[in-house]
Amino acid sequence: MTFRQFAIKNVQRNSKAYMAYFLSSTFSILVFFLFAVNLFHPRIEASFTSGPVYLVMSAGEAAIAVFSLLFILYSVGTFLKTRSDEFGLLTMLGATRKQLNRLIALENLIIGLAAMVTGMTVGLFLSKYFLLLASMILEVPELEFYMPVKAMTVTFAGFLMIFLLISKLAPLAVRSKEIIELLKGNRKPKEPPKASIWLSMAGLLLISAGYVIVVKQMAFPFHLAVISIAVSAGTYLFYSQLSVFVLRRLTSLPTLFFRKTNLVWISDLVYRMKDNARLLFVVTITCTVSFSTMAAFFAIYQSVDEEYAKSYPIPFNYFSYSSDDQRENHLTLLSSTLDEEGLSYQTVSVPFLEFESGSRQKTGAISAEGYNRLAELLNREPLHIQSGEAIEVSVWTNKADTRIKLQNNHTVELGQQTLRLIGVVQDNIFPEGSFGRLYVISDADFAANHGSALNEGVYYGYSVQNWTAASSAAKKIAEQIGTDFSSFRYRSSPDWFQKDQLTYQLILFVGAFISIVFFIAAGSFIYFRFYTDVQEDKVKYRNLRKIGMTIREAKKIATVQLAILFFIPFLVAALHSVFALQTLQTRMAASIGSFAWMVLVFFFAALILYFFLLRARYLRSLLEV
């Protein structure tokens, strides 16, 4: 028998142990290949190569490639541990380290090639449906099926490099171990786990500190990095110290500890929590990223129209300066186009003044009477201002980082006048960024500044009720009206809304897909760990059954342990995600709370189903004779 034949026979004999590794690799390859089929589709390459759509899809492909490398590397490391005793026996029979490394590398390459063939074959059958889904998201005619030679080449070349790299790295898992250590495998005696009450308290304090910073909206240099580090460190201490400390305390409560099967699962869980602290930490962080990413993208996509409605209180906006000789033609174009599209609208006109501000964006001023006309159209409260007074109106949507803070005895210089600032309006009334700063002054002060202002003009607003359906009108107007910032400025929300909605829709699709992949991987990490220990657990449960434990009790103990280790990381991740999304909320004008709960409910429904599937497979492996 040649060395290659020996490696192939080893894979065949250990097919059950390597099946999860094979399926993990196949899944990663399948996801990467399906994205590549869309990315390299001739119509997508021709239409979206230079825009954000192609950039988002390329970023998603890169993220999946990095994730696949880490996921496959973890999978092979986990399943090499299940064969430690076999490697120890081969070493004892005379196999050199070089031969052992070559055997591991060759076996890994065989499984990798089989996974690539399987993943791309399944991907070819599913690509038609994936292309159909992509055409719906990108709002293009149905993407026809094609032979994805480029996608196959990139997938094969990329994953061949990944498996070659893993073939070099995999032997490190057993290279430094002695024969006796390999033969013992996972059956080495374990020291009783210890936990420090001080480190346990430190973990709680670190997590609490991160949460308090979010709730109090504290802002200081690198506060997001501080939150991430504090919560991450606290999460690790939660698993490695606090959970062990709590379980050890439970063992000192006789009424609870000695009740039914509690003695068995609590005692064993103490060891499992200590041994799996790093794994549970990784799963928690992975799920936090998964939950937060999908909830954030879903909330942003669902609220994009609400965000635009606040960024553009009036959908169609025309700022005309005194030098604008095309004013009448442009206003006629606006009105006639909206009429042709059958859109009902209301118009408003407000004179404005511009003053030098020392930056590119000038300081604007409107009269109280002009502001109140806009306020009436937008169903806002009117303002009442006396001569010598001014109220500042935000030029950005009302968010935590854009709110204006009013100071006592604050004044503002407008032309030759010094006005006392008596209040602020946090909601913008013009499109975002139309001015550097904007003030509402009395009618008398507004009239007095005529002639002393840098620029004078009139704002014309067209309020369209069903503005999200006005993209066709916006496109026609934009094509004819052109741009001339010296004499007029035209801005409309429907045209930009349609472009951004497509981008956000694609980001949601890519983000959701990657989040689901991360979610499945996180659950698989825990199952891999249980599968690694299944041979040792078989012996333990077989001995327990010899002294009288029933199969029903054995299943109950295994289920409780699996459920605790399976659900706790996801519950902690959900809690972390709520506070992470709270941080995002301060930077958005729209509410994301309801969308976040929808995503979390979806994930937990999938989690319960995933748990029962893994439980059935684990119990079958655990209790088989």
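All values below come from the heavy atoms of this structure, side chains included, with hydrogens, waters and symmetry mates left out.
- Side-chain contact between Ile29 and Phe163 is present, with heavy atoms from C-beta onward closer than 4.5 Å.
- Side-chain contact between Leu164 and Leu109 is present, with heavy atoms from C-beta onward closer than 4.5 Å.
- Shortest non-hydrogen contact noted between Gln241 and Ser196 is OE1-N, 2.8 Å.
- By the neighbour-count criterion of 12 heavy atoms within 6.0 Å, atom CZ of Phe567 is densely surrounded, having more than that number from other residues, nucleotides or ligands.
- Leu206 approaches Ala230 most closely through the heavy-atom pair CB-O, 3.4 Å.
- Leu126 CG to Leu30 CG: the interatomic distance, rounded to the nearest 0.5 Å, is 6.0 Å.
- Side-chain contact between Phe27 and Val31 is present, with heavy atoms from C-beta onward closer than 4.5 Å.
- Closest non-hydrogen pair, Ser240 versus Ser243, comes out as N-OG, 4.5 Å.
- We find the CG-CD1 distance between Leu242 and Ile197 to be 10.0 Å, quoted to the nearest 0.5 Å.
- Between Phe159 and Ile162 the shortest side-chain heavy-atom distance falls below 4.5 Å.
- Considering only heavy atoms from C-beta on, Arg278 comes within 4.5 Å of Tyr236 through its side chain.
- For the residue pair Leu581 and Ser292, the shortest heavy atom distance occurs at CD2-O, 3.8 Å.
- Note: Ile227 CD1 to Ser232 OG = 11.0 Å, rounded to the nearest 0.5 Å.
- The aromatic rings of Phe604 and Phe291 sit tilted relative to each other, their planes meeting at an angle between 30° and 60°.
- Shown here for Ser127 and Val37, the closest heavy-atom pair between the two residues is CB-CG1, 4.0 Å.
- If you take CZ on Arg615 and CG on Leu619, they are separated by 5.0 Å, rounding to the nearest 0.5 Å.
- The shortest side-chain heavy-atom distance between Ile568 and Tyr239 falls under the 4.5 Å cut-off.
- Remark: side-chain polar atoms of Ser290 are not paired, donor with acceptor, to backbone N or O of Thr286 under 3.5 angstrom.
- Using a 4.5 Å heavy-atom cutoff, the side chains of Val578 and Leu600 are in contact.
- Annotation: ring-ring contact (aromatic ring centres under 6.0 Å, His included) contacts of Tyr211 (sequence neighbours excluded): His576, Phe579.
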Side chains of residues 113-125: which donor-acceptor partners sit under 3.5 Å, not counting sequence neighbours?
from, atom 1, to, atom 2, distance (Å)
Thr118, OG1, Ala114, O, 2.8
Thr121, OG1, Val117, O, 2.6

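- More than 12 heavy atoms of other shown residues, nucleotides or ligands fall within 6.0 angstrom of atom CG in Leu613.
- With rounding to the nearest 0.5 angstrom, the CZ atom of Phe281 is 4.5 Å from the CD1 atom of Ile285.
- By the 30° and 60° cut-offs, the orientation of the rings of Phe566 relative to Phe611 is tilted.
- The CG atom of Leu280 sits 11.5 Å away from the CD1 atom of Ile564 when rounded to the nearest 0.5 Å.
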